[in-house]
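Below is one structure, written out as structure tokens, with a few remarks after it.
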Amino acid sequence: MKNFIFQNPTRLVFGKGQIAKLSELLPDNVNLMLTFGGGSVTKNGLYDQVKEALKGRNYMEFWGIEANPQVETLRRAIQTGKENNINYLLAVGGGSVLDGTKLIAAGIASEHDAWDIVMDIVAEKQIPFASVMTVPATGSEMNGAAVISRAETQEKYGFFGNYPEFSILDPEVTYSLSDHQIACGLADAYTHVLEQYLTTPGQSRIMDRWAEGVLLSVKEIAPEIKKDPRNYDLMADYMLSATLALNDFIRMGITQDWATHQIGHELTALHGTTHGHSLAIVMPGTMSVLKEQKKEKLLQYGERIFGITGGSEEERADKAIEMTEAFYRSLGLTTRLSEEGIGKETIEMIARRFNERDASYGENKNVTGDVTREILESCL
Ligand code: NZQ
Ligand code: ZN
């Protein structure tokens with residue numbers, strides 16, 4: 001196990017009716033701006049709940065942060081925030097609204113252009129922010145990451161900064177998600193664990209077991225959610241699984257991969273593929289191309305998650321990859337580029353972009369543009 005410092009400062013406020021606590025969770029005497037997406041919160045009643053909870057407080061609202069939040073939109077929010085001396089933000093929405101809000105928080109605290117903040121990778125300073133999270137998927141409610149898109153250049157990059165001061169997670173808010181959103185959210189959470197688990201063997205038993213616990217939970221609840229997406233206890237487990245998949249708890253002292261995410265971001269930037277869906281397409285390819293490097297972990301994963309014990313090592317590793325793709329498909333997602341009309345041209349473009357930026361992703365920093373080409377070709 002490598003040395004590490006662990007500190008996750010987000011206060012997680014979980015459960016039915018917790019949105020009513022908003023006002024007591026927010027500090028007094030702040031110049032507050034609420035941030036929203038495109039309007040799902042007005043349709044499912046969340047906006048009214050938030051308004052009710054904030055009765056008696058003054059605040060501004062910024063609407064229109066799109067899925068895969070765009071820097072072009074966020075620049076406007078930063079401008080509005082600066083003009084109104086905003087010093088606290090509350091994101092009400094999914095990962096995109098919260099990620100966008102993380103950049104707004106950095107932009108308000110900085111003189112630099114918002115895209116430069118993203119490209120600097122770590123934000124120097126941010127005003128404080130919190131969230132009411134409406135999509136179980138990204139873990140953004142309890143981590144310091146944000147992923148931002150730039151429409152004019154079709155780019156998508158992540159940056160890091162502070163964690164939300166608090167996040168309210170009410171599983172009832174998920175009842176309005178579409179089947180596709182749920183499928184993408186489950187795929188995202190599952191893949192987050194794989195990015196942190198399917199790496200160097202023998203680093204930490206406790207991290208392995210913890211990661212496997214999340215994988216098994218997501219795998220177990222997924223088919224049940226399909227049948228009963230308004231079951232409170234199921235959605236509560238789904239929501240908490242997504243948070244635990246990417247809130248630093250399962251990555252203490254271990255190496256991490258994230259190549260699949262980097263490649264998936266390109267598919268989203270170039271084709272608008274929903275984030276979780278992009279991972280369902282790329283992850284089986286990453287596993288296949290890096291099978292030798294990941295073999296020991298693949299065998300452990302295959303045995304502990306899918307009960308694969310028979311056959312040669314090669315057969316067992318292949319079976320684990322096959323079962324992973326089958327799991328994504330069982331969610332209702334396609335897992336092949338060709339099924340999404342994405343072909344060689346895109347593969348070449350991504351390989352070229354990665355080579356140009358001298359990319360070397362993955363736990364062993366060996367996923368270059370050329371390896372990425374191989375991965376994507378195996379996803380066709
Ligand atoms: O914009 P509105 O109208 O609110 O609609 C949204 C959006 O269209 C809708 N929605 C949100 N909550 C809903 C709802 N519809 C019905 N009922 C609800 N309760 O869902 C659509 C998608 O929302 P979005 O926020 O984009 O989804 P998600 O939470 O999956 O976020 C995806 C973004 O997060 C990034 C992704 O790259 C992508 O940009 N990620 C962020 C990470 C992080 N911060 O750590 C890590 C992840 O790997 C990921 O990269
Ligand atoms: Zn993700």
Side-chain angles (χ1 to χ4, degrees), residues 10 19 34-47 49 62-71 73-74 91-103 118 129 131-150 155-164 167 169-196 229-230 235 238-239 242-243 245-248 251 256-269 272-280 282-283:
T10 302
I19 291 157
L34 270 51
T35 52
F36 298 98
S40 68
V41 295
T42 48
K43 289 189 209 116
N44 65 9
L46 176 59
Y47 179 63
Q49 282 185 63
F62 183 88
W63 287 82
I65 300 177
E66 53 282 281
N68 308 308
Q70 295 178 4
V71 71
T73 306
L74 304 169
V92 183
S96 293
V97 174
L98 179 47
D99 282 10
T101 301
K102 289 175 177 177
L103 184 59
V118 176
F129 56 90
S131 82
V132 178
M133 174 49 91
T134 63
V135 184
T138 61
S140 190
E141 64 274 13
M142 204 174 180
N143 71 37
V147 189
I148 307 296
S149 296
R150 184 178 175 193
E155 290 175 287
K156 190 176 187 204
Y157 282 96
F159 80 98
F160 300 90
N162 291 336
Y163 293 58
S167 284
L169 267 59
D170 179 347
E172 289 189 324
V173 164
T174 65
Y175 293 169
S176 52
L177 290 169
S178 69
D179 293 347
H180 183 69
Q181 285 167 330
I182 293 174
C184 289
L186 288 163
D188 195 19
Y190 192 85
T191 313
H192 289 160
V193 182
L194 292 182
E195 297 270 30
Q196 299 160 94
R230 294 192 171 200
M235 294 315 257
Y238 164 29
M239 217 169 190
T243 304
L246 196 48
N247 68 349
D248 306 341
R251 63 178 169 204
Q256 300 170 54
D257 183 341
W258 299 109
T260 295
H261 266 70
Q262 295 293 348
I263 301 169
H265 290 338
E266 294 295 308
L267 295 177
T268 304
T273 317
T274 305
H275 174 64
H277 189 187
S278 76
L279 307 174
V282 179
M283 181 48 94

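Each residue takes its place number in the sequence, starting with 1. Each ligand, and each atom within it, is numbered from 1 in the order the structure gives.
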Check your understanding: Is there a heavy atom in G39 that sits closer than 4.0 Å to ligand 1?
Key -> yes

Practice item. May I have the step-by-step check of side-chain contact (heavy atoms from CB on, under 4.5 Å) for V97 and W63, ending in yes or no? Key: CA-CA 9 Å; V97 174; W63 287 82; over 6 Å; no

Exercise for review: Determine, using heavy atoms of V41 and all atoms of ligand 1, whether some pair is separated by less than 4.0 Å.
Suggested key: no

Point to revise | Option from T138, T268, D188 for which side-chain hydrogen bond (donor to acceptor under 3.5 Å, both in side chains) with H275 holds | key: D188

Exercise for review: Check each atom of ligand 1 against the heavy atoms of H261 and keep those under 4.0 Å away; list them by number with element.
Suggested key: 48 (O)

Review point. For ligand 1, which atoms have a heavy atom of V147 less than 4.0 angstrom away?
Key: 37 (O), 40 (N), 41 (C), 50 (O)

Check your understanding: Tell me: protein heavy atom nearest atom 4 (O) of ligand 1, and distance?
Key -> S40 OG, 2.7 Å

Review point. So, S149 and N68: side-chain donor and acceptor under 3.5 Å apart, yes or no?
Key: no

Point to revise | Note, E195 side chain near M283 side chain (heavy atom, < 4.5 Å) | key: yes

Review point. Do I148 and Y157 touch side chain to side chain, with heavy atoms closer than 4.5 Å?
Key: no

Review point. Do the rings of Y47 and F36 sit parallel, tilted or perpendicular, given the 30° and 60° boundaries?
Key: perpendicular

Practice item. Pick whichever of T138, D99, I65 has a heavy atom sitting closest to atom 44 (N) of ligand 1. Key: D99

Practice item. Return yes when H192 approaches ligand 1 closer than 4.0 angstrom through a heavy atom, no otherwise. Key: yes

Revision key, fill the gap. Honestly, for L46 the part within reach of ligand 1 (heavy atoms, under 4.0 Å) is neither

Practice item. Return the option from G276, A245, S176 holding the heavy atom at the smallest distance from atom 16 (C) of ligand 1. Key: S176

Practice item. Begin with the C-alpha distance, continue with both residues' side-chain angles, and end with the deciding distance and a verdict on side-chain contact (heavy atoms from CB on, under 4.5 Å) for T10 and E141. Key: CA-CA 8 Å; T10 302; E141 64 274 13; over 6 Å; no

Check your understanding: atom 39 (O) of ligand 1: which of T174, N68, L279 has the nearest heavy atom?
Key -> N68

Review point. Atom CD1 of I65 and atom CD of Q70: how far apart are they, to the nearest 0.5 Å?
Key: 11.5 Å

Review point. Without hydrogens or angle criteria, can the side chains of S96 and E66 be said to hold a donor-acceptor pair below 3.5 Å?
Key: no

Review point. With respect to the Zn ion (ligand 2), what is the nearest N, O or S atom of D188?
Key: OD1

Check your understanding: Are any of the heavy atoms in M133 under 4.0 Å away from ligand 1?
Key -> no

Check your understanding: Which of the atoms in ligand 1, numbered in the order shown and given with their element, are less than 4.0 Å from a heavy-atom of N143?
Key -> 43 (C), 44 (N), 45 (O)

Exercise for review: Would you mind checking which non-hydrogen protein atom is closest to atom 11 (C) of ligand 1, with the distance to 0.1 Å?
Suggested key: V135 CG2, 3.3 Å

Point to revise | Protein heavy atom at shortest distance from atom 49 (C) of ligand 1 | key: H275 NE2, 3.3 Å

Practice item. Just jot down the ligand 1 atoms closer than 4.0 angstrom to any heavy atom of G95, in number order. Key: 25 (O), 28 (P), 29 (O), 31 (O)

**Study point:** Chi angles and distances behind the side-chain contact (heavy atoms from CB on, under 4.5 Å) call for K102, Y163
**Key:** CA-CA 9 Å; K102 289 175 177 177; Y163 293 58; over 6 Å; no

Check your understanding: Measuring from the heavy atoms of H265, does anything fall under 4.0 Å of ligand 1?
Key -> yes

Point to revise | Geometry at the Zn ion (ligand 2) - H275 NE2 versus H192 NE2 angle, rounded to 10 degrees | key: 170°

Check your understanding: What is the closest protein heavy atom to atom 25 (O) of ligand 1, and at what distance does it sit?
Key -> S96 N, 2.9 Å

Review point. So which protein heavy atom does atom 21 (C) of ligand 1 come closest to, and at what separation?
Key: Q181 NE2, 3.2 Å

Practice item. Taking the side chain as every heavy atom from C-beta outward, state whether H261 and T191 have any atom pair closer than 4.5 Å. Key: yes

Point to revise | H180-H277 side chain donor-acceptor pair, cut-off 3.5 Å | key: no

Point to revise | Interfacing atoms of ligand 1 (cut-off 4.0 Å, heavy-atom, A67) | key: 26 (O)

Review point. Does E195 put an N, O or S atom under 2.8 Å from the Zn ion (ligand 2)?
Key: no

Exercise for review: Kindly compute the distance separating OG1 (T174) from OH (Y238), expressed to the nearest 0.5 Å.
Suggested key: 7.5 Å

Point to revise | Heavy-atom nearest option to atom 30 (O) of ligand 1, drawn from A137, S149, G264 | key: A137

Check your understanding: Stepwise, does the side-chain contact (heavy atoms from CB on, under 4.5 Å) test hold for M235 with I182?
Key -> CA-CA 10 Å; M235 294 315 257; I182 293 174; 3.8 Å; yes

Practice item. Could you list which atoms of ligand 1 come closer than 4.0 Å to a heavy atom of K156? Key: 36 (C), 37 (O), 38 (C), 39 (O)

Check your understanding: Would you say the side-chain atoms of S167 and S131 include a donor-acceptor pair closer than 3.5 Å?
Key -> yes

Point to revise | Numbered atoms of ligand 1 (with element) below 4.0 Å of V173, judged on heavy atoms | key: 19 (N)

Revision key, fill the gap. for atom 12 (N) of ligand 1, nearest protein heavy atom and its distance come out as T134 OG1, 2.8 Å

Point to revise | Close-contact set for ligand 1 against G38 heavy atoms, below 4.0 Å | key: 1 (O), 2 (P), 3 (O), 4 (O)

